[in-house]
Amino acid sequence: MSKAKRFISLPVLAVFLLMLFVYYTTIFIFIDYWVGLQTSPGTLNASVFTVLASLSLFSFFVCVLSDPGHVPASYLPDVEASAHESAKDHAERKKCDKCFAYKPPRTHHCRVCRRCVLKMDHHCLWINNCVGYWNYKAFFAFALYATLASIHSVVLFISCVFQKDWGSNKGSSLKIFYVFYGMMMMALTITLLTLSGWHVYLILHNMTTIEYYEGKRAKWLAMKSGQSYRHPFNIGAYKNITLVLGPNMLKWLCPTAVSHLKDGVSFPTVRDNS
């Protein structure tokens, strides 16, 4: 799928239109009515919200347009054959049974994209793309900026509701709009908070969503056999963060600052750091 064609999707269009709708209502209805756009508080709130909305939109575009990561054609796995199997048999077990190419560690086959994706987290309907090695940081930045913008919009909405003179506004259509908008923004904010919190947890533990559920099963199997299980790529919270967001804290929330990423076919493990 070409990059431009990823925008030809109803979910992607819905996200874009929702962002425009929230931006317009927040700036030109709630801020303007609450304190006025020409006042200092109005200008400050409008500027902050515009920055958050712009960063959200930019991160969203990066998510949609970025290749999540394809397996290099020259990739061959490191083969360590055991006493019970040959090197060839061991290598064959590392092949994808759908596209018949060798799979690096943490790589999974996406049934929607019909190819293997490096460090695949999940296929996201709302960006019409996989979330993988090269665009995971942009996806996290989008979720975080959208969450902050949504919280800001809710605060402004509540402030406007408490200031409004409802006695002189007897039209039912206006009240229906306010109730609809309030319910929509609360649901959106809770959803985004949950999404952001979930990916903060995953980053701190250096996991993908797929690995989290695989780890739950592995932990259960280990407990049944009286053993303990630890996610092999969890090398400490700070190192985990720098592997995903980069070593420069000033660039942690820049969705295009991915120069720290390497080839996506090898990753440090607990064994390497022990």
Side-chain angles (χ1 to χ4, degrees), residues 3 6-7 9-23 26 48-69 106 108 110 112-113 117-157 184-213 237-238 240-246 248-258 260-261 264:
K3 292 182 178 181
R6 293 191 188 131
F7 286 101
S9 164
L10 285 177
V12 171
L13 180 61
V15 172
F16 181 68
L17 291 177
L18 177 62
M19 293 172 75
L20 288 180
F21 173 70
V22 172
Y23 180 79
T26 301
V48 171
F49 189 78
T50 298
V51 169
L52 291 174
S54 300
L55 289 170
S56 300
L57 186 62
F58 177 65
S59 301
F60 176 69
F61 282 165
V62 174
C63 288
V64 175
L65 294 173
S66 296
D67 188 321
R106 314 184 80 178
H108 293 273
C110 176
V112 180
C113 297
V117 176
L118 296 176
K119 197 187 174 188
M120 179 178 172
D121 187 88
H122 68 289
H123 183 89
C124 182
L125 179 72
W126 303 105
I127 64 171
N128 196 23
N129 197 7
C130 271
V131 177
Y133 186 67
W134 286 102
N135 66 349
Y136 181 82
K137 182 179 179 179
F139 179 81
F140 175 70
F142 167 60
L144 192 61
Y145 287 132
T147 301
L148 294 174
S150 183
I151 292 172
H152 192 188
S153 181
V154 167
V155 171
L156 294 170
F157 168 75
M184 182 195 75
M185 287 307 300
M186 288 304 297
L188 180 63
T189 302
I190 291 171
T191 301
L192 289 171
L193 271 171
T194 303
L195 179 66
S196 299
W198 169 245
H199 283 284
V200 167
Y201 171 84
L202 291 178
I203 289 174
L204 289 173
H205 293 82
N206 198 6
M207 287 184 181
T208 64
T209 299
I210 293 174
E211 289 170 349
Y212 172 80
Y213 289 105
Y238 181 74
N240 292 340
I241 293 172
T242 58
L243 286 174
V244 177
L245 303 182
N248 189 341
M249 293 180 66
L250 297 177
K251 296 181 179 180
W252 275 6
L253 296 181
C254 178
T256 55
V258 292
H260 61 285
L261 299 180

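With contacts defined as side-chain heavy-atom distances shorter than 4.5 Å, the pair Thr256/Lys251 does not qualify. Contact check for Leu204 versus Ile241: side-chain heavy atoms found under the 4.5 Å cut-off. Two residues are said to be in side-chain contact when any heavy atoms from C-beta on lie closer than 4.5 Å; Trp126 and Pro11 meet this criterion. Under the 4.5 Å side-chain criterion, counting only non-hydrogen atoms from C-beta, Asp121 is in contact with Thr209. Side-chain contact between Leu261 and Val258 is present, with heavy atoms from C-beta onward closer than 4.5 Å. Using a 4.5 Å cut-off on side-chain heavy atoms (C-beta onward), Val22 and Leu18 make contact.
For the residue pair Tyr136 and His199, a side-chain donor N or O sits within less than 3.5 Å of a side-chain acceptor on the partner.
Nearest approach of Met120 to Cys110, heavy atoms of both residues: CE-CB, 3.8 Å. When all heavy atoms of Val117 and Cys130 are compared, the pair lying nearest together is CG2-SG, 3.9 Å. Contact detail for His260 and Val244: the closest heavy-atom pair is NE2-O, 3.0 Å.
Going from atom CG of Leu245 over to atom NZ of Lys137 covers 6.0 Å, rounded to the nearest 0.5 Å. For the atom pair CG (Leu13) and CG (Leu17), the distance works out to 4.5 Å, reported to the nearest 0.5 Å.
Classified by interplanar angle (parallel below 30°, tilted 30° to 60°, perpendicular above 60°), the ring pair Phe60/Phe142 is tilted. Aromatic ring orientation, His122 versus Phe139: perpendicular (interplanar angle above 60°, classes split at 30° and 60°).
With a 6.0 Å radius and a threshold of 12 heavy atoms from other residues, nucleotides or ligands, Met186 has its CE atom at or below the threshold. Sparse packing is recorded around CG of Leu10, with 12 or fewer heavy atoms of other residues, nucleotides or ligands lying under 6.0 Å away.
Ring centroids of His152 and Phe157 are separated by 6.0 Å or more, keeping the two rings apart. The aromatic ring centroids of Phe7 and Phe16 lie 6.0 Å or more from each other.
Side chain of Thr26 to backbone of Ser153: no donor-acceptor contact under 3.5 angstrom is found. At least one donor-acceptor pair under 3.5 Å links the side chain of Arg6 to the backbone N or O of Leu65.
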